[in-house]
Amino acid sequence: MKWKQLLPVFAFLIAAALLGWFLPSVVFHIDDRLEADHTQEMQIRQFDLNYQSNLDTASRLRLMQSENGEPDAIPLERGIFLQEQDVEEICGQFLLDLTGYSIPELDHFYVMPILMNYPDEGTFLVWAVGGLVNDAWNCELLLDDQTGLILRCSFSGPAWSWTELLYDFNYGLPVQDYAASRFSQALCSHFNARLGSRLTAAVETEEENELFYRATLILSDGDREEFVIPFEILFEEGVFSIN
């Protein structure tokens, strides 16, 4: 999945934030190939509180799945539609639903707004969030600034410690079955809450055994399928990811 390709970009941005490399009016260049007029447009959009992305939700989700090139990533000081507290509340609820761990303040997580520019597609703002859920498990998330929707997420930890990720694990079930059920419910709950009444989310299993669980999160408008988001759990590798 393309998530692993973007991790070095976000790691670099996070390091920059920790070192205090953000200035109110500067554009952080990830790609030196940006043309001058392109850079100027980014500077304007960084301060335009009426900023509107030209991409709808389905297009943003599609770009998260695309293998065609890397976006230019520009760190910002704040979001437009969401603020840091909003992002922490959304992530905290998702983590509670998914793991059973209550992390209401996320004070040991990084929370960073980033402008994502796909030169041939469009521009939109995301929040990069990440940190340790507990001593064993790490999570990374990308949230859409406009809707609060999780566009991508990844959890990683030791393969033997799934029961440590699942705080209220039911030992009457195989861990694979319990994890698949718990994660599916958490994703549906999050997407249904953020999408409102027009679209509904449901999970359809593709493949499953003791080594992995692969499924799709289907966003539908009535009987019409609008978008499909893949997710998987790799039990022997200690990985859960969507998109």
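A quick note: this is a predicted structure, and the numbers were derived from the prediction, not measured.
Screening F169, Y167, F94 against Y101 for a ring pair (Phe, Tyr, Trp, His ring centres under 6.0 Å) leaves a single residue, Y167. Evaluated for a side chain to side chain contact (heavy atoms under 4.5 Å, CB included) with F124, the options L151, N117, D56, T57 yield exactly one hit, L151.
Grouping the Ile, Leu, Val, Met, Phe, Trp and Tyr side chains by contacts below 4.5 angstrom, directly or via other members, places V228 apart from L61. When hydrophobic clusters are built by joining Ile, Leu, Val, Met, Phe, Trp and Tyr residues whose side-chain heavy atoms come closer than 4.5 Å, directly or via intermediates, V111 is grouped together with F81. Note on L96 and F191: separate hydrophobic clusters, where clusters join Ile, Leu, Val, Met, Phe, Trp and Tyr whose side-chain heavy atoms are under 4.5 Å apart, directly or indirectly.
Side chain to side chain, Q185 and S181 meet the donor-acceptor criterion of an N or O pair below 3.5 Å. Side chains of E140 and N138: a donor on one and an acceptor on the other come within 3.5 Å. For the residue pair W137 / S161, a side-chain donor-acceptor distance below 3.5 Å is found, with atom types taken as modelled. With hydrogens and angles left out, the side-chain atoms of Y213 and T205 include a donor and acceptor closer than 3.5 Å.
A salt bridge links R62 with E121: the distance from a Lys NZ or Arg NE/NH1/NH2 to an Asp or Glu carboxylate oxygen falls below 4.0 Å.
The two residues I233 and A180 make their nearest non-hydrogen contact at CD1-CA, 3.8 Å. L125 approaches R78 most closely through the heavy-atom pair CD1-O, 4.5 Å. A215 and V203 make their closest contact through CB-CG1, 3.9 Å (heavy atoms, listed as atom of the first residue, atom of the second, distance). Heavy atoms only, all atoms of each residue included: P158 and A136 are closest at CD-O, 3.3 Å.
Put simply, the side chain of F231 reaches to within 4.5 Å of the side chain of S184, judged on heavy atoms. In this structure, the side chains of H190 and I150 come closer than 4.5 Å at one or more pairs of heavy atoms. A 4.5 Å side-chain heavy-atom check between V175 and W162 finds at least one atom pair inside the cut-off. The shortest distance between side-chain heavy atoms of I114 and I74 does not fall below 4.5 Å. Residues L195 and L219 form a side-chain contact, since some pair of their non-hydrogen atoms from C-beta on lies under 4.5 Å apart. The closest side-chain heavy-atom distance from C139 to L95 is below 4.5 Å. Within the 4.5 Å cutoff, no side-chain heavy atoms of I90 are placed close to those of E88. By the 4.5 Å heavy-atom criterion applied to side chains, E232 and E206 are not counted as neighbours.
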Apply side chain to side chain contact (heavy atoms under 4.5 Å, CB included) to residues F227 and I218 and explain how you reach the verdict. CA-CA 6 Å; F227 204 80; I218 301 173; over 6 Å; no
Derivation of the side chain to side chain contact (heavy atoms under 4.5 Å, CB included) call for L141 and W127: CA-CA 8 Å; L141 305 99; W127 287 81; over 6 Å; no
Determine, step by step, whether L199 and E226 satisfy the side chain to side chain contact (heavy atoms under 4.5 Å, CB included) criterion, reporting the C-alpha distance in whole Å, the side-chain angles of both residues, the deciding distance to 0.1 Å, and the verdict. CA-CA 8 Å; L199 293 177; E226 293 282 343; 3.4 Å; yes
L98 vs F240, test: side chain to side chain contact (heavy atoms under 4.5 Å, CB included). Steps then yes/no. CA-CA 11 Å; L98 192 142; F240 161 64; 3.5 Å; yes
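Cation-pi geometry between R214 and F212 is satisfied (NZ or CZ under 6.0 Å from the ring centre, within 45° of the ring normal).
Summarising the geometry, atom CD belonging to E77 is positioned 12.0 Å from atom CE belonging to M112; distances are rounded to the nearest 0.5 Å. The structure places CZ of R182 at 7.5 Å from CG of D97, a figure rounded to the nearest 0.5 Å. With values rounded to the nearest 0.5 angstrom, I80 atom CD1 is found 6.5 Å from D145 atom CG. Within the model, atoms CD of E208 and CZ of F235 stand 8.5 Å from one another, a figure rounded to the nearest 0.5 Å.
Using bins of under 30°, 30° to 60° and over 60° for the plane-to-plane angle, the ring pair F155/F183 lands in the parallel bin.
Residue D135 qualifies as open at atom CG: its count of foreign heavy atoms under 6.0 Å is 12 or below. Atom CD of Q83 has more than 12 neighbouring heavy atoms from other residues, nucleotides or ligands inside a 6.0 Å radius.
Judged by distance alone, the side chain of N134 and the main-chain N or O of E164 form a donor-acceptor pair under 3.5 Å.
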